[in-house]
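Dropping the structure in here first, questions after.
This is a predicted model, so every value here is computed, not measured.
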Amino acid sequence: MAILEVKDLKKSFGKTEVLKGIDFSLEKGEVLSIIGSSGSGKTTLLRCLNFLEFADGGTIAVGGKTIYDGSLKKEMKEKEIKENRLHFGMVFQSFNLFPQYSVLENVMLAPKLLKIAPTEEIKENALSLIERVGLSDKLDFYPCQLSGGQQQRVAIARALALSPDILCFDEPTSALDPELTGEVLKVIRSLKSSDRTMIVVTHEMDFAKSVSDKVIFMADGVIEEAGTPEEVFLNPKSEKTLSFLRKAEEI
């Protein structure tokens with residue numbers, strides 16, 4: 001059984017169709033990279049999965065259970081939205097850390113608010129995650145005292161703190177210079193395991209080739225091409241995919 005199934009997902013803003021019927025599925029432990037030009041719908045897709053936006057149509061199922069059905073057109077209760085969001089951890093391109101909290105406090109905040117475990121247990125887990133992203137020496141630092149790469153690593157630890165079924169990254173390195181990009185991609189690569197399912201929206205083609213089990217190329221609100229990294233990068237069938245990859249190589 002797929003851990004994530006997305007069927008015919010649609011989203012418009014006014015008269016602009018951003019998602020025109022997206023279908024894909026993921027098995028547990030798979031890494032999916034989503035590539036495509038700006039405006040192709042990649043970020044909107046992630047936002048719909050995380051209930052930061054609500055799709056106009058289609059379904060989202062996690063572990064065989066439908067958690068969103070656009071055809072029902074019902075108003076979801078806040079409690080239901082919060083529960084559904086727990087299936088997904090989100091790492092944003094702009095970090096979105098709380099500036100008034102230290103590294104440790106940022107990672108502990110959501111688990112404490114949700115009271116998912118005793119405070120000491122939450123702290124132990126947070127310390128373990130911060131160590132995993134290589135920032136044990138920055139526990140009491142505030143976001144303003146960290147580099148962009150360090151802030152993004154804190155954001156990754158924070159997303160992992162609630163043990164989501166699917167970890168989502170929205171262009172996690174787009175705000176970083178090349179040196180800091182490498183350290184963040186290294187951490188993301190280290191997270192790959194048979195137990196962790198990840199969706200990475202990225203413009204880093206070499207990273208997508210090396211870490212992904214599946215690759216989706218989006219263009220104009222649809223999945224133009226999908227397959228293994230070898231199929232999409234080495235033997236693209238779509239002219240749009242080929243054109244995109246050629247331009248990416250020139251950058």
Side-chain angles (χ1 to χ4, degrees), residues 3-4 28-33 43 46-47 49-52 62 82-177 179-202 204 207 211-212:
I3 192 165
L4 175 64
K28 187 172 184 180
E30 285 188 324
V31 178
L32 167 68
S33 286
T43 292
L46 278 195
R47 290 179 66 82
L49 292 179
N50 284 272
F51 294 90
L52 298 171
V62 176
K82 286 180 178 177
E83 287 174 353
N84 288 338
R85 278 184 183 147
L86 291 177
H87 292 293
F88 300 89
M90 185 77 160
V91 179
F92 300 89
Q93 54 185 289
S94 54
F95 323 136
N96 286 14
L97 299 178
F98 292 101
Q100 70 271 36
Y101 295 129
S102 68
V103 167
L104 181 59
E105 289 168 337
N106 261 285
V107 178
M108 289 180 63
L109 183 62
K112 281 178 71 176
L113 289 173
L114 293 170
K115 300 178 180 178
I116 64 171
T119 300
E120 197 54 44
E121 192 176 317
I122 290 171
K123 183 176 181 180
E124 285 180 19
N125 185 50
L127 291 170
S128 174
L129 291 171
I130 293 166
E131 181 180 10
R132 178 155 196 179
V133 300
L135 291 172
S136 292
D137 59 336
K138 308 289 186 186
L139 292 177
D140 298 321
F141 281 51
Y142 289 86
C144 64
Q145 298 172 292
L146 304 175
S147 70
Q150 290 169 337
Q151 290 186 62
Q152 193 61 293
R153 285 188 277 156
V154 176
I156 292 170
R158 181 181 62 180
L160 288 167
L162 291 173
S163 301
D165 295 307
I166 299 129
L167 189 57
C168 301
F169 298 86
D170 183 16
E171 298 277 15
T173 61
S174 65
L176 305 176
D177 64 36
E179 183 180 353
L180 300 179
T181 290
E183 71 182 49
V184 171
L185 294 180
K186 183 179 178 182
V187 168
I188 297 173
R189 189 177 277 110
S190 76
L191 296 176
K192 182 170 180 173
S193 74
S194 59
D195 292 327
R196 184 167 291 113
T197 309
M198 297 193 286
I199 301 174
V200 187
V201 169
T202 184
E204 300 288 343
F207 174 75
V211 80
S212 309

Any chance you could measure Gln150, atom CD, to Leu97, atom CG, to the nearest 0.5 Å?
11.5 Å
So which atom in Ser190 and which in Arg132 form the shortest heavy-atom distance, rounded to 0.1 Å?
O-NH2, 3.2 Å
Taking C-beta and beyond as the side chain, do Val154 and Phe141 meet within less than 4.5 Å on heavy atoms?
no
Judged by atom type as modelled, is there a donor-acceptor pair below 3.5 Å linking the side chain of Arg153 to the main-chain atoms of Val133?
yes
Value rounded to 0.5 Å, distance of CG in Leu167 from NZ in Lys192
14.0 Å
To check you understand the geometry: which heavy-atom pair defines the closest contact between Gln152 and Pro172, and what is its length?
NE2-O, 2.8 Å
Do Thr173 side-chain atoms and Leu176 backbone N/O form a donor-acceptor pair below 3.5 Å?
no
Qualifying residue, where the test is side-chain contact (heavy atoms from CB on, under 4.5 Å) with Phe207 and the options are Val184, Thr181, Val200
Val200
Find out whether Leu46 and Thr43 are in side-chain contact, i.e. whether some heavy atom of one side chain is under 4.5 Å from a heavy atom of the other.
no
For Leu104 and Lys123, run side chain to side chain contact (heavy atoms under 4.5 Å, CB included): C-alpha distance rounded to whole Å, both residues' side-chain angles, the deciding distance at 0.1 Å, then the answer.
CA-CA 8 Å; Leu104 181 59; Lys123 183 176 181 180; 4.0 Å; yes
Using a 4.5 Å cut-off on heavy atoms from C-beta on, say whether the side chain of Ile199 contacts that of Leu49.
yes
Taking the side chain as C-beta and beyond, is there a heavy-atom pair between Phe95 and Asn106 under 4.5 Å?
no
Does atom NZ (Lys28) have a neighbourhood of more than 12 heavy atoms from anything else shown, all under 6.0 Å?
no
Within the 4.5 Å heavy-atom criterion, are Val211 and Ile188 side-chain neighbours or not?
no
CG-CE distance between Asp170 and Met90, expressed to the nearest 0.5 angstrom:
5.0 Å
What verdict does the side chain to side chain contact (heavy atoms under 4.5 Å, CB included) test give for Phe92 and Asn50, after you've listed the backbone C-alpha separation in whole Å, the side-chain angles of each residue and the deciding distance to 0.1 Å?
CA-CA 12 Å; Phe92 300 89; Asn50 284 272; over 6 Å; no
side-chain contact (heavy atoms from CB on, under 4.5 Å), paired with Leu135, selected from Leu146, Val187, Ile130:
Ile130
Atom CE of Met108 and atom CD of Glu124: how far apart are they, to the nearest 0.5 Å?
10.0 Å
Distance check, rounded to the nearest 0.5 Å: Leu127 atom CG versus Leu139 atom CG?
6.0 Å
Check the surroundings of atom CD in Gln100: do more than 12 heavy atoms from other residues, nucleotides or ligands lie under 6.0 Å from it?
yes
Heavy atoms of other groups near Glu131 CD, more than 12 under 6.0 Å:
no
At their closest point, which heavy atom of Glu204 faces which heavy atom of Thr202, and how far apart are they?
N-OG1, 2.9 Å
Nearest heavy atoms of Phe169 and Met198, plus distance in Å:
CE1-SD, 3.7 Å
Atom of Phe51, atom of Arg85 and distance for their closest heavy-atom approach:
O-NH2, 2.8 Å
I need the Phe88 CZ to Thr197 OG1 distance, nearest 0.5 Å.
10.0 Å
Nearest heavy-atom approach of Ala159 to Val91 is CB-CG2, 3.7 Å
Polar side-chain atom of Asp177 near backbone of Glu179 as donor-acceptor pair, under 3.5 Å:
yes
